[in-house]
Amino acid sequence: MRVTMFGYQTWGHRTLQALLDSEHEVTLVVTHPKSDHAYERIWSDSVADLAAGHGVPVEVRDRPEDDLLGPLKEADPDVIVATNWRTWIPPQIFSLPRLGTLNVHDSLLPKYAGFSPLIWALINGEKQVGVTAHMMDGTLDAGDIVLRRSVPVGDRDTTTDLFHKTLELFGPITVDGLALIASGRTDWTPQDRSRASFFHKRSEEDNRIDWTWTAEELDRLVRAQSDPYPNAYAFHNGQRLRIAAAHVSDGIYGGTPGRIFYREGDAVVIVAGAEARRGKSHGLAIDRIRLDDDTELPAGEYFRSMGGYLTSHP
């Protein structure tokens with residue numbers, strides 16, 4: 001089939017490589033310009049460079065406006081594939097190919113539609129994450145499902161681990177989805193909208209630690225904001241501290257959330273949880289911290305004495 005691809009960053013790069021290695025003919029690639037957004041500088045393999053290196057025409061757009069219709073009609077795709085496309089694709093474009101548009105999204109739809117699904121899923125304690133190939137319709141990430149594939153979330157997995165696990169699914173699910181479309185199948189599975197959830201882009205505010213969260217929730221937040229993502233952070237004596245590594249304490253620590261309380265091995269335990277005053281909560285055991293100048297220190301070296309508080313604001 002003749003395929004046009006809309007894609008961006010490493011997800012788009014991996015998908016395009018799979019298409020180039022397949023039996024299909026890639027007639028046009030549409031991608032976004034480079035971005036300074038913190039989350040878009042990560043996993044930023046260039047779709048444009050890969051396409052150009054294989055002689056595929058490239059259009060660079062923030063949004064697919066009407067001026068893209070000319071190049072699309074000239075490319076004459078049987079199907080469009082979209083992967084990590086960051087803005088709305090209007091109906092006059094996604095319905096242009098005779099076989100429609102296959103969108104590949106890194107969550108198990110209908111849950112975690114929208115942005116940063118791996119980070120949100122890890123924060124929320126999901127046991128599985130994955131990738132969904134679905135037919136695009138007029139509602140973002142809501143079209144009928146062609147294929148879904150999942151991987152388990154390990155007990156100590158970070159978002160970086162989950163990125164690498166799910167990235168391996170993108171090429172195969174795209175090629176396999178196209179094979180089903182080419183076979184004439186149209187009996188796709190409608191999404192159960194009662195189970196749908198839609199998440200916004202991550203920003204610095206989303207990484208601010210709230211010590212009333214339980215230690216288990218904060219541990220997941222720290223792992224979700226693993227390098228190279230912007231780390232979760234709090235403040236100590238007005239200075240921002242990024243939490244590079246942490247875990248749930250072995251012991252139960254009561255008191256006021258945010259209190260710098262106890263050395264547990266090489267870690268320093270911070271009281272956590274809205275119910276901490278009842279003496280039934282684990283604390284967050286911080287292993288390593290990072291200063292804003294990127295100096296990284298073991299927590300026990302930074303916190304020379306116990307007492308005082310980590311706060312959510314300076």
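Because only heavy atoms are used, hydrogens play no part in the values below, and waters and symmetry mates are left out as well, while side chains stay in. Bear in mind the structure is a predicted one, so any value in this text is a computation, not a measurement.
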[X] versus [Y]: any side-chain heavy-atom pair under 4.5 Å?
X	Y	value
Ile119	Gln225	yes
Val129	Val151	yes
Glu25	Met1	no
Val26	Leu16	yes
Asp45	Leu50	no
Val60	Val58	yes
Leu310	Trp211	yes
Arg242	Asp292	yes

Give a yes or no on whether a salt bridge exists between Glu59 and Arg61, defined as a side-chain N under 4.0 angstrom from a carboxylate O.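 Here Glu59 pairs with Arg61 in a salt bridge, since their nearest N and O are under 4.0 Å apart.
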
Salt bridge flag under 4.0 Å for residues Arg86 and Asp62: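 No, Arg86 and Asp62 are not salt-bridged.
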
Hydrophobic clustering (ILVMFWY, side-chain heavy atoms < 4.5 Å, transitive) - are [Y] and [X] grouped together?
X	Y	value
Ile243	Ile123	yes
Val79	Met136	no
Leu99	Ile173	yes
Leu122	Leu169	yes

If you compare all heavy atoms of [X] against all heavy atoms of [Y], which two are closest, and at what distance to 0.1 Å?
X	Y	result
Asp157	Lys165	OD2-NZ, 2.6 Å
Pro190	Asp144	CA-OD1, 3.4 Å
Gly138	Trp88	O-CH2, 3.1 Å
Gly283	Ala215	O-CB, 3.2 Å

Judged by atom type as modelled, is there a donor-acceptor pair below 3.5 Å linking the side chain of [X] to the main-chain atoms of [Y]?
X	Y	result
Glu301	Pro298	no
Arg208	Ser312	yes
His282	Ser249	yes

Under 6.0 Å between the ring centres of Tyr8 and His13?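 Not under 6.0 Å, so no.
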
Taking the six-membered ring for Trp, is the centroid-to-centroid distance between Tyr302 and His236 below 6.0 Å?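 Yes, ring centres under 6.0 Å apart.
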
Carefully, step by step, assess Met5 and Ile80 under the rule side chain to side chain contact (heavy atoms under 4.5 Å, CB included). CA-CA 6 Å; Met5 197 197 84; Ile80 289 174; over 6 Å; no

Does either side chain, that of [X] or that of [Y], offer a donor lying less than 3.5 Å from an acceptor on the other one?
X	Y	value
Asp293	Thr295	yes
Tyr229	Trp43	yes
Gln92	Asp66	yes
Thr27	Thr4	yes
Asn207	Asn231	no

Tell me, please, which residues at least two apart from [X] pass side-chain contact (heavy atoms from CB on, under 4.5 Å).
X	answer
Ser203	Glu205, Asp206
Ala52	none
Thr256	Tyr309
Asp187	Arg185

Listing request: all salt bridge (charged side-chain N to carboxylate O under 4.0 Å, His left out) pairs with a residue in residues 118-135, at least two apart in sequence or in separate chains.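 The answer is Lys111-Glu126.
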
Which residue pairs satisfy the salt bridge (charged side-chain N to carboxylate O under 4.0 Å, His left out) criterion with at least one member in residues 93-110, sequence neighbours excluded?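 Residue pairs with at least one partner in residues 93-110: Asp78-Arg98.
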
Can you name the side chain to side chain donor-acceptor pair (under 3.5 Å) partners of [X], sequence neighbours left out?
X	result
Arg278	Glu275
Asp21	Gln17
Arg149	Asp176
Asp219	Arg156, Arg223

Check the pair Asp141 / Tyr112 against side chain to side chain donor-acceptor pair (under 3.5 Å), numbers first and verdict last. CA-CA 9 Å; Asp141 293 335; Tyr112 298 98; over 6 Å; no

Any chance [atom1] of [X] has more than 12 other-residue heavy atoms, nucleotides or ligands included, within less than 6.0 Å?
X	atom1	value
Glu74	CD	no
Phe235	CZ	yes
Asp76	CG	yes
Arg63	CZ	no
Lys34	NZ	no

Test side chain to side chain donor-acceptor pair (under 3.5 Å) applied to Ser107 and His105, step by step: CA-CA 6 Å; Ser107 83; His105 179 72; 3.3 Å; yes

Assess whether side chain to side chain contact (heavy atoms under 4.5 Å, CB included) is satisfied between Phe261 and Ile270, documenting all intermediate values. CA-CA 6 Å; Phe261 187 31; Ile270 313 300; over 6 Å; no

Any chance you could lay out the side chain to side chain donor-acceptor pair (under 3.5 Å) test for Thr139 and Asp137, step after step, and finish with the verdict? CA-CA 6 Å; Thr139 302; Asp137 66 10; 4.6 Å; no

Holding to ring pair (Phe, Tyr, Trp, His ring centres under 6.0 Å), I want the full list of residues that pass it with Trp85, two or more places apart in sequence or in another chain.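 Partners of Trp85 by the ring pair (Phe, Tyr, Trp, His ring centres under 6.0 Å) criterion, ordered by chain and then number, come out as Phe6, His32.
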
Can you label the angle between the Tyr39 ring and the His37 ring as parallel, tilted or perpendicular, going by 30° and 60°?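 The rings of Tyr39 and His37 sit tilted, inter-plane angle from 30° to 60°.
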
Does anything in residues 119-142 form a ring pair (Phe, Tyr, Trp, His ring centres under 6.0 Å)? List the pairs, not counting sequence neighbours.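 Every pair satisfying ring pair (Phe, Tyr, Trp, His ring centres under 6.0 Å) with a residue in residues 119-142: Trp120-Phe199, Trp120-His200.
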
Between Val131 and Trp11, does the side chain to side chain contact (heavy atoms under 4.5 Å, CB included) criterion hold? Intermediate values first, please. CA-CA 11 Å; Val131 175; Trp11 297 269; over 6 Å; no

Check against side chain to side chain contact (heavy atoms under 4.5 Å, CB included), Val30 and Leu68: CA-CA 9 Å; Val30 186; Leu68 188 59; 4.1 Å; yes

